[in-house]
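The structure under discussion appears below in the form of structure tokens.
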4 protein chains.
Amino acid sequence: MASEAQRSDTAEPRRGRPRSEASHQAVLDATTRLLRVSSYEELTVEAIASEAGVSKQTIYRWWKSKAAVVLEVMLTGDAEIELVPMPSTGDLRADCLTWIRGMLVEAFRETHVGMARSLVVAGLQGDPGTERLLQQASMWDHGLLAERLREAERAGELREGVDIAAAASAIGDPLIFRMLTGSAPSLSWSESLVDVVVTGLMRPGAGTSLN
Amino acid sequence: MASEAQRSDTAEPRRGRPRSEASHQAVLDATTRLLRVSSYEELTVEAIASEAGVSKQTIYRWWKSKAAVVLEVMLTGDAEIELVPMPSTGDLRADCLTWIRGMLVEAFRETHVGMARSLVVAGLQGDPGTERLLQQASMWDHGLLAERLREAERAGELREGVDIAAAASAIGDPLIFRMLTGSAPSLSWSESLVDVVVTGLMRPGAGTSLN
Amino acid sequence: MASEAQRSDTAEPRRGRPRSEASHQAVLDATTRLLRVSSYEELTVEAIASEAGVSKQTIYRWWKSKAAVVLEVMLTGDAEIELVPMPSTGDLRADCLTWIRGMLVEAFRETHVGMARSLVVAGLQGDPGTERLLQQASMWDHGLLAERLREAERAGELREGVDIAAAASAIGDPLIFRMLTGSAPSLSWSESLVDVVVTGLMRPGAGTSLN
Amino acid sequence: MASEAQRSDTAEPRRGRPRSEASHQAVLDATTRLLRVSSYEELTVEAIASEAGVSKQTIYRWWKSKAAVVLEVMLTGDAEIELVPMPSTGDLRADCLTWIRGMLVEAFRETHVGMARSLVVAGLQGDPGTERLLQQASMWDHGLLAERLREAERAGELREGVDIAAAASAIGDPLIFRMLTGSAPSLSWSESLVDVVVTGLMRPGAGTSLN
DNA sequence: TGATAAGCGAGACGGTACGTCTAGTCTTAAA
DNA sequence: TTTAAGACTAGACGTACCGTCTCGCTTATCA
């Protein structure tokens, strides 16, 4: 990964020609561009090099595999998976429903599906290093969702002792999974998903059920 | 997929030498065997052919790619992903907790993780045909879980109008997802996941909360 | 070769379905037809079978290899390499010159060149059986040429003790060789070839030199 | 052919890693070695690569087919077809007879026969490029023979206007042809061949006939 | 100001696997 | 028993990428 070579924050001035930041960025850009039109499997290091106007050696000097390049693209947000904003009106159930309706439209766009697949395949290449990165992938954090849940927790709306991360996964992971298989769920399925989890989270009596 | 060529149920007598069922099965067996010790990436068609004592041509005659072979292995249950049995004691919450504790032990064995990864990678190869198969994969059905939920529904324990499939996904998909990334969740995380969803499913007052 | 299986002239009635002479001939015809438009290398047994409306097994039942089929086509004259007639006016030198001028036109047609090449390549496949056939190939006999020389010998025009076959080869082989390499010799080269050999053959004083 | 890529005598400095001359030579050597024990048909590109310690791609990078490799081996004399020396005692007839007696022994050795066959088969693969090379093959020049004939011509021993190349072919081509078919001619046949042609070449009265 | 040390694009290298092709054999049902 | 059909094993084909290794060149720091 690139970071390894840059970790010399204020260290010795590194003799020799310094790393070309232009080349570095060109590789990431080229990869992003290519992933928009091809799957991880179809993507080749040679194509990245050619598209970036960079030599293969330069890629291998800074990344140890194609998976590493793809993961850096993903994890540094170069591919910018546009997230739907999470509203905060005070009504947790309503906010989550608004959010998931937006996700159904946004997350199942072809480009995003392809990106998510690339990320997963790259992460599953069997290399322990990339695997670790996959686990950290911010994409799986369901960050905005978890944040909104924590807000509700602070407002005392939730039952005590529930695991916020687990609850966020209960809503977010099924969404991601259907994204990977390319089959967008129906609106009612999604709403029911949110309803069940939110109901299970909230203090009895607080808020209102969907039905 | 193999089934294409056999669809002539009662049709014309099929001239020429018939397909060798022995070879067909040998390929599936060999693939299963190899997948136990290597990842999808490491698996090669040549190795399958050699292990099965079959010529490469025979593989390509009946399957159009390595992904197709792997998917057939998975989807026909040749790889037999052993599921943890789902108890049915009458207490839905307790049954689900028992089940998920078993899954934490069983599903995160190295072999199962490898199989699940192979299935996903094979399904994400960008081919529309294999993609369709991935969506149908029985593995994602969370079959036993959904069945138990339906049983509770028939017993009138659940709130009305909830989508059983969505609820099963809320518990099952996070589990599969962590299986893919190779990071087994903690027991408390898993229990909280079950608790939230089951609570959200059940009629208020029915059953008891974990806390 | 086909002859092996036919030797039962008036023998036992041969049980079972009799050999299809039609298939036999169809194979030879198809081969001839295909060789007119493709080289020996490009010719495939499957193409012969398909063109002849015959199964591959039928071919292998009667011939032991592709080379054997091609050689039978050649050697039984099915491919009928049209020979230029050899005149016999009494003037050996003039007759030979007339003949070679005709050969320059006739033998270097694309079809004949292709056939000769196929014959040679088939014969050189390293199989002793086909090799023997190549040696016997009537094509190399320079039959008409040798016959005319013998006529001159009987007429007492030739020096004594010369080997007619060797002399025929001295004229014929260079012609065949240039046929194989696809480079037709010039008229003057050919005439000089004939002139030198005929001069060397004839009794001093008999006939007249070209120059 | 390899020469194509090297033609930049004094041209641009050739960027990138230069061609490995070691690999080039290793391929030619390996091919020569393999051809000594196997026919052209039996020779495979994979075997050449393996024997040369070179990758298949390197072979295909510089030669477009197996035929091209074999032809380069032949035409650059790497296979060194040992020629029998041509004496020059002043007596043309005697010299040619000495030469052909040597050829009968030397040229029909198994190795030479195999090489000649490989050269011919390689040249007859139907590719215009290799065909052209076949025509130029120095082997067919009958170089030493033609040279000796020209010496006699300069000495004024020959009739005027005869084509030396044609005469050399009249002796050399029949020899090559029998080499290809693997049937060594008899001594008397060979001597008669030489006698007829030399007699036809020489000025009447010069030299003496065999009989 | 030169020597030394990387980094760079280009592209050849040894490998490995791909998916296709053909040879020649084997197994059906029909004739 | 032979036929046409067609599946079978075996193995070479030529291509595509992989990840490594020179080249000649450029761009830096250090002496």
Side-chain angles (χ1 to χ4, degrees), chain A residues 5 12-20 22-24 43-47 49-50 52-62 64-66, chain B residues 5 12-20 22-24 41-47 49-50 52-62 64-66, chain C residues 5 14-20 22-23 41-47 49-50 52-66, chain D residues 5 12-20 22-24 41-47 49-50 52-62 64-66:
Chain A
E12 351 79 79
R14 315 276 272 103
R15 303 221 311 151
R17 179 174 178 173
R19 170 172 191 182
S20 161
S23 291
H24 179 205
L43 182 70
T44 70
V45 175
E46 252 147 20
S50 159
V54 140
S55 87
K56 253 200 304 181
Q57 185 58 56
T58 297
I59 295 181
Y60 282 107
R61 203 189 320 278
W62 303 110
K64 55 185 267 299
S65 65
K66 177 173 72 168
Chain B
E12 352 79 80
R14 311 281 278 104
R15 306 220 294 164
R17 179 176 178 173
R19 172 174 188 180
S20 161
S23 291
H24 179 201
E41 292 297 297
E42 287 157 7
L43 183 68
T44 71
V45 175
E46 252 146 19
S50 159
V54 140
S55 87
K56 241 194 320 177
Q57 187 57 58
T58 295
I59 295 182
Y60 282 108
R61 201 191 320 279
W62 302 109
K64 54 185 265 301
S65 64
K66 179 173 70 168
Chain C
R14 316 279 268 104
R15 303 214 311 145
R17 180 170 175 173
R19 169 172 188 187
S20 161
S23 290
E41 292 295 297
E42 287 158 6
L43 183 69
T44 70
V45 176
E46 248 145 24
S50 159
V54 139
S55 87
K56 253 202 303 181
Q57 186 55 55
T58 298
I59 296 181
Y60 281 107
R61 204 190 313 282
W62 302 111
W63 293 274
K64 57 184 263 300
S65 66
K66 178 173 74 167
Chain D
E12 353 81 79
R14 310 281 281 103
R15 306 215 295 161
R17 179 175 177 172
R19 172 173 190 181
S20 161
S23 290
H24 179 201
E41 292 296 299
E42 287 157 6
L43 183 69
T44 70
V45 176
E46 251 145 20
S50 159
V54 140
S55 86
K56 239 195 322 177
Q57 187 57 57
T58 296
I59 296 181
Y60 283 109
R61 203 189 322 277
W62 301 110
K64 55 186 264 302
S65 64
K66 178 174 73 169

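So that the names make sense, note that chain A is the first sequence line, chain B the second, and so on, each numbered from 1. What you see is a predicted model, and the numbers here were worked out from it, not measured in a lab.
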statement: side-chain hydrogen bond (donor to acceptor under 3.5 Å, both in side chains) filter on B:Ser20, not counting sequence neighbours, yields B:Ser23

- request: Indicate yes or no: at least one non-hydrogen side-chain atom of B:Trp62 is less than 4.5 angstrom from one of B:His24.
  value: no

Rounded to whole angstrom units, what separation is found between the [atom1] atom of [X] and the [atom2] atom of [N]?
X: D:Glu41; N: F:dA12; atom1: CD; atom2: P; value: 13 Å
X: A:Ile59; N: E:dG9; atom1: CD1; atom2: P; value: 9 Å
X: A:Arg19; N: E:dA6; atom1: CZ; atom2: C1'; value: 13 Å

query: What pairs with B:Glu46 under salt bridge (charged side-chain N to carboxylate O under 4.0 Å, His left out), at least two apart in sequence or on another chain?
result: B:Lys56

message: Is there a side-chain contact between D:Arg17 and the phosphate of F:dT22, meaning an N or O under 4.0 Å from OP1 or OP2?
response: yes

- prompt: Is the phosphate of E:dC13, meaning OP1 or OP2, less than 4.0 Å from a side-chain N or O of D:Trp62?
  reply: yes

- request: Taking side chain to side chain contact (heavy atoms under 4.5 Å, CB included) as the test, write out the residues that go with D:Arg61, two or more places apart.
  value: D:Gln57, D:Thr58

Partner set under side chain to side chain contact (heavy atoms under 4.5 Å, CB included) for A:Ser50, not counting sequence neighbours: none

message: I'd like to compare against my own output: the B/S/- annotation of nucleotides 14-20 of chain E with a strict under-4.0 Å heavy-atom distance to protein.
response: BB-SBBB

- request: Say whether, by atom type as modelled, one donor and one acceptor occur between the side chain of B:Lys66 and the main chain of B:Leu43 under 3.5 angstrom.
  value: yes

